[in-house]
Structures are given as structure tokens and as C-alpha cells.
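Worksheet for the structure shown next.
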Amino acid sequence: MPRILMTGASGGIGTRLRELLPKIYPDLVLSDLTEPANLSSNETFKQADLADLAAVESICEGVDGILHFGGFSVEGPWDTILQANIIGTYNLFEAARRQGVKRVVFASSNHTMGFYPRHSRIGTDVTPRPDSRYGVSKVFGEAVGALYADKHGLGVTCLRIGNFGDRPLDQRRLSIFLTPEDLVQLCQIGLEHPGIHFEVFYGASYNERAWWDNSRAYEFGYRPSGRAEDFREHATAEQAKLPADPVGDFYQGGAFCSTEFDGDASRVWKP
Ligand code: 15L
């Protein structure tokens with residue numbers, strides 16, 4: 001029975017996956033900076049600050065695979081991103097190598113690609129166009145993952161997660177929606193598929209308005225059951241409550257693109 005470590009156990013994704021993962025991975029070790037408020041007696045929790053390499057190494061002891069959801073999950077000040085996502089992600093991969101962990105699934109983000117316009121369809125083979133310091137940190141994490149796969153033989157899967165939840169929150173999320181069940185499926189592929197060396201998949205359900213070519217994930221057996229269009233009415237009604245955002249509404253990254261934007265929108269993208 002593999003022992004799986006999940007970082008970010010107290011965060012939004014971690015909290016939800018704590019309900020779903022134990023059925024598949026009963027030997028699940030949870031970690032975060034702070035203990036989940038509702039930790040139950042049959043859950044194992046180990047506290048660690050990702051910026052502390054020795055602490056990260058200690059939570060990786062005896063672990064077969066890691067689901068790395070820890071770190072800062074939105075745009076933030078540089079020092080926050082630096083500690084949690086840049087240093088933290090480097091420490092995670094280095095600790096995994098030192099402890100002989102075989103697989104790492106890294107929670108990357110759609111914000112690695114946020115400045116691609118919504119009218120383009122992109123795969124996993126295009127140049128990153130991050131839309132934030134957060135997006136840059138996820139590009140860095142994917143690069144560290146590639147290094148540790150190629151140089152040290154770790155099996156690494158990067159999931160460019162769209163928007164995780166039970167239903168899409170607005171128009172943009174109809175294109176990038178990801179259900180908890182479909183994320184679990186992608187995690188399982190990353191932890192178990194014998195063909196994994198280094199892979200990048202989009203963390204998206206079956207979305208008819210998708211901007212992403214996720215065929216590589218399908219080649220590895222991914223068969224999402226979530227479908228954004230089932231929630232079209234809800235998402236459209238929610239969108240109607242939002243103010244127009246000329247920059248954010250044009251690019252895939254949405255408000256991550258328009259926040260702090262003082263560039264020349266006409267030069268960001270030329271078809
Ligand atoms: C992300 O990467 C964030 O972690 C999440 O909070 C959402 O903002 C999501 O992207 C999104 O693009 O909707």
C-alpha cells in the first residue's frame with residue numbers, strides 16, 4: 001500500500017481531497033503550515049513550513065508519492081510567493097529526491113499561460129505567458145519538476161489546474177472548470193501510471209468551451225466526468241453581476257491579467 005503525502009492539506013483543494021483520497025490511498029499523510037481545523041482521529045497530520053528544507057525532508061520520510069498542493073494559491077507580494085512557492089517548491093523536490101520518493105504531482109496553474117487570449121487554443125507545448133508573480137512561480141515549479149525528472153529520475157506530473165470546485169463560478173470558469181473527482185483521477189494517473197516520466201496536463205474537466213488541448217492527459221487514460229456546460233445558466237447569471245474588465249475578459253487568466261496591468265494591451269498579443 002503506497003504512502004502518499006499531501007501538502008496544502010488545510011487549503012481549499014486539500015480540504016476537499018481529504019474526503020476523496022482516503023478511499024484510494026488509506027495511508028495518507030497530510031501536511032500544511034497549520035493543522036486543518038476539523039482533523040479527525042483517523043487522519044495523520046505533520047506540520048511543516050515549505051520554506052524550511054529540513055522540515056520538508058522530515059515529512060517526506062517513508063513516502064512513495066507526493067501530491068504537492070501546498071504554497072500560496074493566488075497572486076501575492078513577492079516575498080510571500082518567493083518563500084511559499086519558489087523556495088517551497090524547490091525544497092519539496094529536493095526533499096523528495098533525498099528521501100527516495102518515486103512520484104510527485106505538482107499543482108501548477110492555468111496562470112502559467114494567462115496572457116494567451118481566450119480565442120486561441122493552446123496545448124502544453126507553447127511558451128509560458130504567466131499573468132502574475134504567482135503564475136511565474138508555477139512556471140518555475142514546472143521547470144524544477146522537469147529538472148528532477150530528467151536529472152534524478154523522479155516521475156513528475158504537473159497539473160495546470162483551471163478552477164477547482166463543484167460548479168463554474170462565471171463565464172471564464174466555463175472554459176476551465178475542474179471537479180474534485182476529475183482532479184483525483186489526474187492525481188492517480190500521476191502517482192500510478194507506469195509511463196510517467198515528466199508530464200504536463202491541464203487540470204480541467206470535460207468543458208466544451210475549453211481553451212486547452214488536453215489530449216496528452218487523455219492518452220494517459222484520463223476520462224473526466226465533470227462537464228461545465230451543465231452549469232451554464234448559473235455561470236451566466238453570476239457573470240452578469242460582474243463589472244466589465246476589458247483586459248481580463250480578453251485573456252485566459254482573467255482578473256490575474258488586469259490586476260496591476262499598465263502595459264499596452266495591443267502589444268501583449270498579436271495573432
Ligand atoms: C488558480 O490558480 C487559483 O489557485 C484559484 O484560486 C483560482 O483563482 C483559479 O486559478 C482560477 O483561475 O480561477
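This structure is a prediction, so every number in the text was calculated from the model and none was measured. In each ligand, atom 1 is the first atom listed, and ligand 1 is the first ligand listed. Quick note: residue numbers are just sequence positions, from 1.
A donor and an acceptor atom, one from each side chain of Y148 and E94, are located under 3.5 Å apart. With hydrogens and angles left out, the side-chain atoms of T34 and D32 include no donor and acceptor closer than 3.5 Å. S215 and D213 share a donor-acceptor pair across their side chains, judged by distance under 3.5 Å alone.
Numbered from 1 in the order shown, with element, the atoms of ligand 1 that lie under 4.0 Å from a heavy atom of S109 read 1 (C), 2 (O). Per-residue contacts place N110 under 4.0 angstrom from the following atoms of ligand 1 (heavy atoms of the residue considered): 10 (O), 11 (C), 12 (O). Near F256, the atoms of ligand 1 lying under 4.0 angstrom from a non-hydrogen atom of the residue are 8 (O). Close approach of ligand 1 to G162 (heavy-atom distance below 4.0 Å) involves ligand atoms 9 (C), 10 (O), 11 (C). With ligand atoms numbered from 1 in the order given, ligand 1 contributes 3 (C), 4 (O), 6 (O) to contacts under 4.0 Å with heavy atoms of S73. Each of the atoms 1 (C), 2 (O), 3 (C), 4 (O) of ligand 1 lies under 4.0 Å from some heavy atom of Y134. Within the listing of ligand 1, atoms 7 (C), 9 (C), 11 (C), 13 (O) sit less than 4.0 angstrom from a heavy atom of N163. Close approach of ligand 1 to V74 (heavy-atom distance below 4.0 Å) involves ligand atoms 6 (O).
Ion pairing of R3 with D27 is present here, as a side-chain N (NZ or NE/NH1/NH2) and a carboxylate O approach within less than 4.0 Å. Classification of E208 and R227 as a salt-bridged pair holds, one side-chain N sitting under 4.0 Å from a carboxylate O.
Considering only residues two or more places apart in sequence or on other chains, D170 meets the salt bridge (Lys or Arg N to Asp or Glu O under 4.0 Å) condition with R173.
Nearest to atom 10 (O) of ligand 1 among the protein's heavy atoms is H111 NE2, 3.0 Å.
Residue contact annotation: R173 has a non-hydrogen atom under 4.0 Å from ligand 1.
When the shell of 6.0 Å around CZ of R167 is examined, it contains 12 or fewer heavy atoms from other residues, nucleotides or ligands.
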